[in-house]
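Computed from heavy atoms alone, side chains included, the values below leave out hydrogens, waters and symmetry copies. All figures in this text were calculated on a predicted structure; none of them were measured in a lab.
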Amino acid sequence: MFDADELSNETLVWVREEELPTCESHVDMVRLMAGELSGLTGWRKRTLVNTALDREAQDSTYLGYGLAIPHARVFDIPQPAVYLARSTKGVNWQGSQAQLVFLVVVPEERPEWHLQLLSRIVRWRQKNMQHEAEILSMPAAELTAQLRSLLTLQ
């Protein structure tokens, strides 16, 4: 377990290169993204998947305007992470179509980071509504750099 003094407020950010595949449900999408984030971070896949799905079962994380933000607070991770996946066609998220899906994971010990990241993502989406086609087609490296500066925590 990490001591709170050892936690880093640097948000790890990745944007998925490939377009999201067609999945049968939002649950499949959460499993896919949590598994991929596990591969990027080395964090336990089962923990990421189960924690994110437990949160999703409480209430849908689809927020409208093509945006879904499944999220989880997880014990034993050293810093927050955000993983963005995109779909020009949209993926089925409990009857709605999500073009942008952010998986947000933060250390359990720092719930305020969870709220900061969620609010920054929502504000960014609202501000960039008219630029959706650009966001969906932007190279992953460019979008990753943009999001890293947006999601730097204090």
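- Atom OG1 of T152 and atom CD of E10 lie 8.0 Å apart (nearest 0.5 Å).
- At a threshold of 4.5 Å between non-hydrogen side-chain atoms, the residues R55 and V30 do not count as touching.
- There is a path of hydrophobic side-chain contacts, each under 4.5 Å, that joins L40 to L48.
- The distance from atom CG of N50 to atom NZ of K45, rounded to the nearest 0.5 Å, is 11.0 Å.
- Of all the heavy atoms in L20 and M29, the pair that sits closest is CD2-SD, 3.3 Å.
- The closest donor-acceptor contact from the side chain of T11 to the backbone of L151 lies under 3.5 Å.
- Of the N and O atoms on the side chains of E36 and Y83, at least one donor lies less than 3.5 Å from an acceptor on the other residue.
- E17 contributes no side-chain N or O that, together with a main-chain N or O of A140, makes up a donor-acceptor pair within less than 3.5 Å.
- At distances below 3.5 Å, not a single donor-acceptor pair connects side-chain atoms of R31 with backbone N or O atoms of L53.
- Using the six-membered ring where Trp is involved, W124 and F102 have ring planes that are perpendicular, over 60° apart on the 30 and 60° scheme.
- Between the CG atom in L32 and the CZ atom in R16 there is a gap of 5.0 Å [rounded to 0.5 Å].
- Between the side chain of S149 and the main chain of Q146, a donor-acceptor pair closer than 3.5 Å is present.
- Counting heavy atoms from C-beta on, the side chains of N92 and Q97 come closer than 4.5 Å.
- A heavy-atom distance below 4.5 Å is not found between the side chains of T51 and V105.
- With hydrogens and angles disregarded, no donor-acceptor distance shorter than 3.5 Å links the side chain of R110 to the backbone of E112.
- Scanning all heavy atoms of the two residues, the minimum distance from S87 to A98 falls at CB-O, 4.2 Å.
- Residue W93 is tested with L67, L63, T61 for a side-chain contact (heavy atoms from CB on, under 4.5 Å); the sole match is T61.
- Atom OG in S137 sits 10.0 Å away from atom CG in L143 (nearest 0.5 Å).
- Annotation: side chain of Q116 is not in contact with side chain of N9 (no heavy-atom distance under 4.5 Å).
- Here the side chain of S38 pairs a donor or acceptor atom with the backbone of W43 at under 3.5 angstrom.
- In terms of heavy atoms, G90 sits closest to Q99 at CA-NE2, 3.8 Å.
- The structure places CD of E108 at 11.5 Å from CG of L7, a figure rounded to the nearest 0.5 Å.
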field: side chain to side chain contact (heavy atoms under 4.5 Å, CB included) assessment of T88 paired with E19
entry: CA-CA 8 Å; T88 52; E19 178 138 335; 2.9 Å; yes
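- Rounded to the nearest 0.5 Å, atoms OG1 (T144) and CG (L84) are 8.0 Å apart.
- Closest heavy-atom contact between I77 and V74: CG1-O, 3.6 Å.
- Across all non-hydrogen atoms, the minimal contact from A34 to V49 is CB-CG2, 3.5 Å.
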field: Audit row: V82, L147, side chain to side chain contact (heavy atoms under 4.5 Å, CB included) steps and yes/no
entry: CA-CA 9 Å; V82 174; L147 290 172; 5.8 Å; no
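- Although no hydrogens or angles enter the test, the distance criterion places a donor-acceptor pair under 3.5 Å between the side chain of R86 and the main chain of M138.
- In this structure, the side chains of V101 and P70 come closer than 4.5 Å at one or more pairs of heavy atoms.
- The shortest distance between side-chain heavy atoms of E109 and F75 falls below 4.5 Å.
- Counting only heavy atoms from C-beta outward, the side chains of E132 and R125 approach each other to under 4.5 Å.
- Shortest non-hydrogen contact noted between S8 and Q79 is O-CB, 3.2 Å.
- Counting heavy atoms from C-beta outward, I69 and L100 have side chains that stay 4.5 Å or more apart.
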